[in-house]
A.B. asks: 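I have a structure I would like to understand better, so I am pasting it below and will then ask my questions one at a time.
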Number of protein chains: 2
Amino acid sequence: MPAKGTIRKNTLLPVAVKPTGERDPDISSLLIVLDHFHPIGREAIRFIKQHIIACTVRKKKFILKTGTFCHYIYFIKKGAVRGFIKEGNKDITTWITVENEMVTSISSLDIQLPSIENMQAIEDCELLALSYTDLQELYLRSPEINIVVRKLLQSYYGDAEKRAFIARLTKADHRYQYFQEKHAGLINRVPLKYIASFLGMTLETLSRVRKKASQH
Amino acid sequence: MPAKGTIRKNTLLPVAVKPTGERDPDISSLLIVLDHFHPIGREAIRFIKQHIIACTVRKKKFILKTGTFCHYIYFIKKGAVRGFIKEGNKDITTWITVENEMVTSISSLDIQLPSIENMQAIEDCELLALSYTDLQELYLRSPEINIVVRKLLQSYYGDAEKRAFIARLTKADHRYQYFQEKHAGLINRVPLKYIASFLGMTLETLSRVRKKASQH
DNA sequence: GAGTCATGTTGATAATTATCAAATAATTCT
DNA sequence: AGAATTATTTGATAATTATCAACATGACTC
């Protein structure tokens, strides 16, 4: 147990996000994804390798809570994460993200604002975390990272638009049908309660919609 | 009338988007907005002045249609624009944007993909259009533009997230209340049918929700 | 391996919202 | 100004979905 006054490393990581302590974590999947958006230089790769922190989070644990600050951008190496906001006594799941994608609180990226949303692991996860401080440094050292992130944001903006669209479909069965088409991989993986919440309907309604869809 | 074979300038602009022909349009409002995200160099400003096209669009005319390609990024100097997708015989309005903001089809920005959404003027508008070709050139000449656009996208991504959230509120009156808080300026400006569509409810439901809200 | 907890299904009923129809009000056009 | 659109409101009814309750199922714990 650390003595009083001991400084914990990576102190800005939420308690549920546990650094593995690996010195040289495997970041190949991250590099493949980034490179797909825009080529990255050796210098940037070296910097990322040096500063990225491999972590694990257990299922159901929080990666970010409403009202707190997000200090990291995370790459999901393995597992699944959801974002949600509390509305009264129920959750509104705004996104569900799986391996090989990035998650963070956009509102925290440049100007540090407290997050309005929660981020929760919905499976045991392996994450790679890069602090915003290191990211800012990286922008300065390797300006091509601005291009990478610009393209990444373009892509994520498109995803957010799709989420905004699907939620505006007025009928529950249309929303589920659209979800089936666009997120086939999630259907037999993510608990239905999260999918129901993502689709703006109750678990019961989703259950009935699914039954009807399977019968026909 | 142009003779057969005459080449129309700015030929990629949709027909409803009419260049004014101004040689030196006032782009001060655009520069203020860009600068608010990140300082821009003199060279970039000169380039923008030289290549930007001042245009007008009449109310109800289309700036982009589903399935076509978007070749420009537009800054709204004056007026209001909405984005919407056809779903069966009804529109789903996914965003409403007014002066001093940018609009484009994000999916077209780098890789040219046909747009899934329509963009329509909901008031007579004055626009400033920069072609993607010129924007690509600008990225190369003035790399700080990558930073500007990155920050701009961060901000717009945050907006898209909010739109995805509001649409998931299960009750119509909650959605309207939230809209009132966040988009007060639009309520006495934009026709209710677009607001209803944006809020994922019928015009009649919105009318009743408004009545109830005003009574209490 | 029994018990507990989380997940998912089904049914009955109530609340919400969409649809259809008609009437007003406001705006645009000529 | 008057006609023609367009926008908004209101009412009656039908369709959809939420809520509450009970039950089934599977996973995880001790």
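Chain naming here is simple, since letters A, B, ... match the order of the sequence lines and numbering starts at 1 in each.
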A.B. asks: Applying a 4.0 Å non-hydrogen cut-off, can you work out what A:Lys59 is touching in the nucleic acid: base, sugar-phosphate, or nothing?
C.D. replies: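 Answer is nothing: A:Lys59 stays at 4.0 Å or more from every strand.
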
A.B. asks: Between B:Arg58 and B:Lys90, which is nearer to the 5' end of DNA chain C once each is assigned its nearest nucleotide?
C.D. replies: B:Lys90

A.B. asks: Are the side chains of B:Arg210 and B:Tyr176 in contact, using a 4.5 Å heavy-atom criterion?
C.D. replies: yes

A.B. asks: Report yes or no: is the cationic atom of B:Arg168 (NZ for Lys, CZ for Arg) closer than 6.0 Å to the six-membered ring centre of A:Phe198, at no more than 45° off its axis?
C.D. replies: yes

A.B. asks: Can you tell me which residue among B:Ile63, B:Ile122, B:Asn118 is in a side chain to side chain contact (heavy atoms under 4.5 Å, CB included) with B:Arg82?
C.D. replies: B:Ile122

A.B. asks: Can you give the first and last nucleotides of DNA chain C, 5' to 3', that have an atom under 4.0 Å from a heavy atom of chain A?
C.D. replies: C:dA6 to C:dA12

A.B. asks: Kindly say whether A:Trp95 contributes a backbone atom to a donor-acceptor pair with the side chain of A:Thr93 at under 3.5 angstrom?
C.D. replies: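 No; judged by distance alone, with no hydrogens or angles, the pair does not exist.
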
A.B. asks: For A:Asp124, run the salt bridge (Lys or Arg N to Asp or Glu O under 4.0 Å) check against A:Arg58, A:Lys18, A:Lys59 and tell me which one passes.
C.D. replies: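 Answer to the salt bridge (Lys or Arg N to Asp or Glu O under 4.0 Å) test with A:Asp124 among A:Arg58, A:Lys18, A:Lys59: A:Arg58.
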
A.B. asks: For A:Lys86, check side chain to side chain donor-acceptor pair (under 3.5 Å) against everything at least two apart and list the hits.
C.D. replies: A:Asp91

A.B. asks: Could you measure the distance from the CZ atom of B:Phe75 to the CG atom of B:Asn100? Nearest 0.5 Å is fine.
C.D. replies: 4.5 Å

A.B. asks: For residues 165-175 of chain B, which residues have at least one heavy atom under 4.0 Å from DNA chain C?
C.D. replies: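 Correct list: B:Thr170, B:Lys171, B:Ala172.
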
A.B. asks: So do the side chains of A:Tyr194 and A:Leu186 get within less than 4.5 Å of each other, counting heavy atoms only?
C.D. replies: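 Side-chain contact under 4.5 Å: no.
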
A.B. asks: Is there a residue in residues 193-209 of chain B whose heavy atoms reach under 4.0 Å of DNA chain C, and which residues are they?
C.D. replies: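 B:Gly200, B:Met201, B:Thr202, B:Glu204, B:Thr205, B:Arg208, in order of number.
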
A.B. asks: Could you tell me if the side chain of A:Lys77 sits less than 4.5 Å from the side chain of A:Leu127, heavy atoms only?
C.D. replies: no

A.B. asks: With B:His71, which residues qualify under ring pair (Phe, Tyr, Trp, His ring centres under 6.0 Å), at least two apart?
C.D. replies: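 Scan of B:His71 (ring pair (Phe, Tyr, Trp, His ring centres under 6.0 Å), adjacent residues dropped) gives none.
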
A.B. asks: What bend angle does the helix from C:dG1-D:dC30 to C:dT30-D:dA1 show across its length, from five-pair end axes and to the nearest 10 degrees?
C.D. replies: 50°

